[in-house]
2 protein chains.
Amino acid sequence: MAGPSHDHHHHPSPPEALIRQAEEACRAQGVQFTPLRRRVFEELARSREPLGAYDLVERLGRERRIAPISVYRVLDVLIEAGLIHRIATRNTYLPCHHAHDPHGATVFLVCTSCGVVDEVCSPDLTRGLDGTAAAAGFRPGGRAVEVEGECASCRTAAPG
Amino acid sequence: MAGPSHDHHHHPSPPEALIRQAEEACRAQGVQFTPLRRRVFEELARSREPLGAYDLVERLGRERRIAPISVYRVLDVLIEAGLIHRIATRNTYLPCHHAHDPHGATVFLVCTSCGVVDEVCSPDLTRGLDGTAAAAGFRPGGRAVEVEGECASCRTAAPG
DNA sequence: CTACGTGCTGTTACAACGTAACAAGTTCGC
DNA sequence: GCGAACTTGTTACGTTGTAACAGCACGTAG
Ligand SMILES: [Zn+2]
Ligand SMILES: [Zn+2]
Ligand SMILES: [Zn+2]
Ligand SMILES: [Zn+2]
């Protein structure tokens with residue numbers, strides 16, 4: 001299942017670098033990067049796929065029991081700080097792996113086959129989205145969209 | 001623009017017409033439009049906002065108790081038949097109010113203020129989406145996206 | 001008429017996802 | 001020390017979605 005890492009269109013985002021960036025971003029925002037928050041972020045950063053809240057409950061609870069509510073609170077903080085994202089169509093969470101253009105839309109390409117989620121920014125899609133919204137008199141909030149489909153690896157692995 | 005026809009503002013989706021269309025679509029697809037399925041669709045068609053599965057459980061259970069699983073099964077059938085859509089960010093369901101272009105993307109404009117969801121098709125957004133997906137080697141499946149924000153009515157009602 | 005397959009719904013129980021309310025520990029400044 | 005703000009623990013609960021199996025309706029073959 002863990003395909004060979006032929007990821008070339010995006011940096012493989014090493015977990016350690018991601019964690020350092022998160023720590024730095026927290027300091028910059030005056031948000032505490034507590035041990036629990038670090039543990040949650042680490043698990044997400046080291047996972048190949050997004051994780052559910054209860055996946056985290058289980059992984060963090062190996063040594064000592066952690067209640068779901070604690071995990072959800074941490075997730076809320078990390079989302080608020082822009083360090084992670086939530087995939088609504090899957091009820092899962094993943095670390096943000098690039099700085100966001102505040103004026104651009106973000107697309108999460110969710111592979112229904114392997115579960116991997118690719119996060120990309122797209123000026124084209126931003127334009128299309130803004131145009132569509134404007135035509136309906138709608139003011140978008142987050143401008144993050146999720147699209148399900150088949151990723152490049154799975155397409156080559158299983159043609160059809 | 002987006003509208004293939006005179007489709008410009010939120011018109012008060014006529015429930016009776018919607019229900020007739022649904023019945024016709026079922027017949028055309030060889031899908032039974034049973035009393036329970038009709039009841040579920042009617043509730044959705046007559047609601048101003050999308051409804052949750054348990055909202056339907058409550059509304060259908062006025063006379064006789066209906067189990068959640070029964071509602072979910074009906075919802076699955078109606079979704080499969082293309083008669084309703086599910087809003088993943090809200091865990092709610094709403095009737096499809098226009099024929100879908102199989103080659104186009106659909107956008108659900110979800111108002112975070114009043115809860116109303118507007119369903120629009122947009123060639124612009126379709127292009128942006130396809131371009132973004134192609135650049136990542138991704139083959140989109142459904143091509144339905146949800147965007148949260150503030151609808152036209154709420155913008156004029158409560159300026160911010 | 002009987003038997004059987006297929007499709008729809010009922011019943012029960014449960015899994016997965018998420019939150020409220022309150023207590024207790026930590027950090028920090030006074 | 002002492003209180004304020006923040007973080008986490010504990011318990012219990014609410015919401016959303018599903019599994020497994022039984023009954024019923026209907027058409028069809030024997
Ligand atoms: Zn991001
Ligand atoms: Zn894949
Ligand atoms: Zn539709
Ligand atoms: Zn509104």
Side-chain angles (χ1 to χ4, degrees), chain A residues 22-23 26-27 29-44 47 49-81 83-94 110 112 115 146 148, chain B residues 22-23 26-27 29-44 47 49-81 83-94 110 115 146:
Chain A
E23 187 166 16
C26 275
R27 184 159 33 237
Q29 296 183 56
V31 173
Q32 298 184 43
F33 201 55
T34 66
L36 185 60
R37 292 173 187 175
R38 173 186 290 273
R39 286 278 288 123
V40 168
F41 189 86
E42 282 177 358
E43 289 294 343
L44 293 177
S47 173
E49 316 167 13
L51 298 177
Y54 277 74
D55 292 335
L56 290 164
V57 168
E58 187 192 341
R59 296 186 185 206
L60 299 193
R62 295 278 158 72
E63 312 160 353
R64 188 190 40 196
R65 160 83 184 171
I66 304 288
I69 181 68
S70 292
V71 171
Y72 279 107
R73 282 190 290 225
V74 169
L75 290 172
D76 286 344
V77 170
L78 296 179
I79 289 172
E80 193 66 21
L83 299 178
I84 66 173
H85 299 293
R86 175 183 145 94
I87 304 297
T89 51
R90 296 301 185 98
N91 297 325
T92 55
Y93 305 82
L94 80 168
V110 183
T112 53
E146 304 169 18
E148 304 205 324
Chain B
E23 185 166 17
C26 275
R27 184 159 33 236
Q29 296 183 58
V31 173
Q32 295 186 45
F33 202 54
T34 67
L36 185 59
R37 292 173 187 176
R38 171 185 291 274
R39 285 278 289 122
V40 168
F41 188 87
E42 282 176 356
E43 289 294 344
L44 293 177
S47 172
E49 316 167 13
L51 298 176
Y54 277 74
D55 292 336
L56 290 164
V57 168
E58 187 192 341
R59 296 186 186 205
L60 299 192
R62 295 279 156 73
E63 312 159 353
R64 189 191 37 192
R65 161 83 183 170
I66 305 287
I69 181 68
S70 292
V71 171
Y72 280 105
R73 285 191 288 224
V74 167
L75 290 172
D76 286 344
V77 169
L78 295 178
I79 289 172
E80 193 66 21
L83 298 177
I84 66 174
H85 298 294
R86 176 183 146 94
I87 304 297
T89 52
R90 298 301 186 95
N91 296 326
T92 55
Y93 305 81
L94 80 167
V110 182
E146 303 170 19

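First the proteins, then the strands, lettered A, B, ... as listed; each starts at 1.
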Verify the neighbour count for atom CD of Glu80(B): are there more than 12 heavy atoms of other residues, nucleotides or ligands below 6.0 Å?
-> no
Distance below 4.0 Å between Asn91(B) side-chain N/O and dG17(D) OP1 or OP2 | yes
Would you check if the side chain of Glu146(B) reaches a backbone N or O of Thr89(B) as a donor-acceptor pair within less than 3.5 Å?
-> yes
OP1, OP2 of dG10(C) versus side-chain N and O of Ser70(B): anything below 4.0 Å?
-> yes
Stacking check Tyr54(A) vs dC17(C) (5.5 Å / 30 deg) = yes
If each of Gln32(A) and Arg65(B) is mapped to the nucleotide of DNA chain C with the nearest heavy atom, which maps nearer the 5' terminus, i.e. the 5' end?
-> Arg65(B)
Upstream residue (5' side of DNA chain D) when Val77(A) and Ile69(A) are each assigned their closest nucleotide = Val77(A)
Sugar-phosphate only, base, or nothing, as touched by Arg90(A) at under 4.0 Å among non-hydrogen atoms = nothing
Within the modelled atom types, does a donor on one side and an acceptor on the other bring the side chain of Arg73(A) and the base of dG9(D) under 3.5 Å apart?
-> yes
Looking across every strand, which nucleic acid part, if any, lies under 4.0 Å from Phe33(B) by heavy atom: base, sugar-phosphate, or nothing?
-> nothing
Whole angstrom is fine here: how far is it from OH in Tyr72(B) over to C1' in dA13(C)?
-> 16 Å
Take the protein atom CG of Leu51(A) and the nucleotide atom C1' of dG18(C), then report the distance between them rounded to whole Å.
-> 17 Å
Might you point out which heavy atoms bring Arg59(A) and Arg39(A) nearest each other, and give the distance in Å?
-> O-NH2, 3.7 Å
Phosphate OP1/OP2 of dG7(C) contacted by Arg37(B) side-chain N/O (<4.0 Å) | no
